[in-house]
Amino acid sequence: MPELPEVETVVRALRDPLVGRTFSEFESYWPNQIVVPDDVEQLRARITGRTVTAISRRAKYIVMTLDGGEETLIVHLKMTGHLAVVPTSKPVHKHVRNLFRLTDGDDLRFRDMRKFGRIYLVTDPDEILAKLGPEPLEDPFTAEVFRQRIAGRTRIIKPLLLDQTIVAGIGNIYADESLFFAKIRPDRHADTLTKAETDLLWAGIRSSLQNGIDREGASIDTYVKPDGTKGDMQNAVSVFRRTGNPCYDCGTPIERIVLAQRSTHFCPICQK
DNA sequence: ACCGGAGCCTGTTAGC
DNA sequence: TGCTAACAGGCTCCGG
């Protein structure tokens with residue numbers, strides 16, 4: 001499941017093959033993934049002839065700026081999305097849902113087994129991105145800012161971490177890993193955390209996400225890098241999907257519970 | 001403010 | 001062995 005580190009890895013891999021390239025055609029095999037504009041024809045008309053001038057990431061969104069500055073193409077991979085630049089001559093994989101043809105013999109292909117991924121073409125990116133909380137790895141996101149953003153919140157901490165308006169980019173894997181780092185049980189209510197615990201959680205968010213980026217993502221379900229190879233973060237998780245296996249710190253079997261309809265993994269001894 | 005549930009989806013897996 | 005049902009989950013919307 002692509003979260004911030006996985007999306008960052010995808011963006012870095014796409015930058016070289018995509019920036020400077022021009023869209024020449026667009027083919028949609030599953031138009032439901034296109035949220036805006038309303039119809040495929042409009043999307044096709046607005047991107048044809050446009051050149052990608054920049055690609056970046058905001059939370060889990062991939063943001064492609066097109067020349068002229070009037071259009072921004074935004075893609076969210078959700079659960080099983082996979083975005084890659086491949087030669088047009090290559091057979092189209094059965095899970096390719098939307099295909100952007102480029103002028104020089106390549107395609108930007110959006111593969112997505114479960115069709116949860118979303119495509120947006122907007123003139124103002126804020127239409128999609130404005131509601132997001134701060135980027136957890138950027139300088140403005142200090143421990144102080146984190147404390148303020150959860151101040152007064154009574155919700156259970158794990159679902160709170162998954163709320164993209166509080167902090168952007170954390171998903172199920174890195175929420176569990178951050179809480180393990182901070183030795184906080186995922187079912188604690190946010191208003192019971194001490195300042196020291198909140199600071200530790202802030203550090204846990206930063207270090208687990210950075211570790212994920214350094215290892216080029218966690219290939220636990222279907223996630224692979226644009227070139228099809230696996231990331232390495234799945235080999236470095238402390239608790240995620242390790243149910244029943246011994247905690248690396250104390251040997252106690254990792255437990256699995258469900259919080260807000262999400263499977264949640266933690267060490268019942270290390271995490272208080 | 002917060003919670004729970006439905007919906008979007010399909011490949012994999014658990015259970016009969 | 002072969003079938004069905006449950007499960008996985010990021011995000012949005014709805015009702016309470």
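Since the model is a prediction, treat every value here as computed from it, not as a measurement.
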Exercise for the section: Assign each of A:H76 and A:V258 to its nearest nucleotide of DNA chain C by heavy atoms, then name whichever residue's nucleotide is nearer the 5' end. Expected result: A:V258

Practice task
Flag the pair A:K158 / A:N172 as yes when at least one side-chain heavy-atom distance between them is below 4.5 Å, and no otherwise.
Solution key: yes

Practice task
Check the distance between B:dA1's P and A:R149's CZ and give it to me in whole angstrom.
Solution key: 12 Å

Exercise for the section: Name the nucleic acid region contacted by A:T80, choosing base, sugar-phosphate or nothing; use a 4.0 angstrom heavy-atom cut-off, strictly under. Expected result: nothing

Problem - Pairwise distance CZ(A:R262) to CG(A:L162) - rounded to 0.5 angstrom - result: 5.5 Å

Exercise for the section: Check whether any side-chain nitrogen or oxygen of A:R153 sits under 4.0 Å from OP1 or OP2 of B:dC2, and answer yes or no. Expected result: yes

Practice task
Would you classify A:T222 as touching base, sugar-phosphate or nothing, given that sugar-phosphate means primed atoms plus P, OP1 and OP2, and contacts are heavy atoms under 4.0 Å?
Solution key: nothing

Problem - Nearest-nucleotide pick for A:M113, side chain only, options being B:dT10, B:dG5, C:dG10 - result: B:dT10

Practice task
For the residue pair A:I55 and A:M64, establish whether any side-chain heavy-atom pair is separated by less than 4.5 Å.
Solution key: yes

Practice task
For C:dG10, take OP1 and OP2 only and decide whether either is under 4.0 Å from a side-chain N or O of A:Q164.
Solution key: no

Practice task
Report yes if some heavy atom in the side chain of A:L161 is under 4.5 Å from a heavy atom in the side chain of A:I166; otherwise report no.
Solution key: no

Practice task
Find which nucleotide of DNA chain C each of A:I128 and A:D221 is nearest to by heavy atoms, and output the residue with the more 5' nucleotide.
Solution key: A:D221

Exercise for the section: Mind checking A:L77 for me? I need base, sugar-phosphate or nothing, with any heavy atom below 4.0 Å counting as a touch. Expected result: nothing

Handout entry: Between C1' of B:dC9 and CE of A:M79, the distance in whole Å
Key = 10 Å

Exercise for the section: Using only side-chain N and O atoms of A:T154, determine if any of them is under 4.0 Å from OP1 or OP2 of B:dC2. Expected result: yes

Problem - Is_stacked (A:F116, C:dC11) at 5.5 Å, 30 deg - result: no

Exercise for the section: Give a yes/no on whether any side-chain N or O of A:R256 is located under 4.0 angstrom from OP1 or OP2 of C:dA8. Expected result: yes

Handout entry: A:H95 side chain near B:dT10 phosphate (N/O to OP1/OP2, under 4.0 Å)
Key = no

Practice task
Measure from OH on A:Y120 to P on C:dG10 and round the result to the nearest Å.
Solution key: 15 Å

Completion exercise
Taken to the nearest whole Å, CD1/A:I150 to C1'/B:dA1 is 15 Å

Handout entry: Nucleotide nearest A:R97 when distance is taken to its side chain, options C:dG10, B:dT10, C:dA8
Key = B:dT10

Practice task
Check whether any side-chain nitrogen or oxygen of A:K78 sits under 4.0 Å from OP1 or OP2 of B:dC8, and answer yes or no.
Solution key: no

Exercise for the section: Give a yes-or-no answer on whether the side chains of A:T222 and A:T80 include a donor-acceptor pair shorter than 3.5 Å. Expected result: no

Handout entry: A:T103 side, atom OG1; A:R21 side, atom CZ - distance, nearest 0.5 Å
Key = 6.5 Å

Exercise for the section: Tell me which nucleotide among C:dG10, B:dT10, B:dC9 gets nearest to the side chain of A:W30. Expected result: B:dC9

Exercise for the section: Verify the contact: side-chain N or O of A:K131 to OP1 or OP2 of C:dT12, cut-off strictly under 4.0 Å; return yes or no. Expected result: yes

Exercise for the section: Would you classify A:N32 as touching base, sugar-phosphate or nothing, given that sugar-phosphate means primed atoms plus P, OP1 and OP2, and contacts are heavy atoms under 4.0 Å? Expected result: sugar-phosphate

Handout entry: Side-chain N,O (A:H189) to OP1/OP2 (B:dC2) below 4.0 Å
Key = no

Handout entry: Phosphate-side-chain proximity, A:R155 and B:dA1, N/O vs OP1/OP2 below 4.0 Å
Key = no

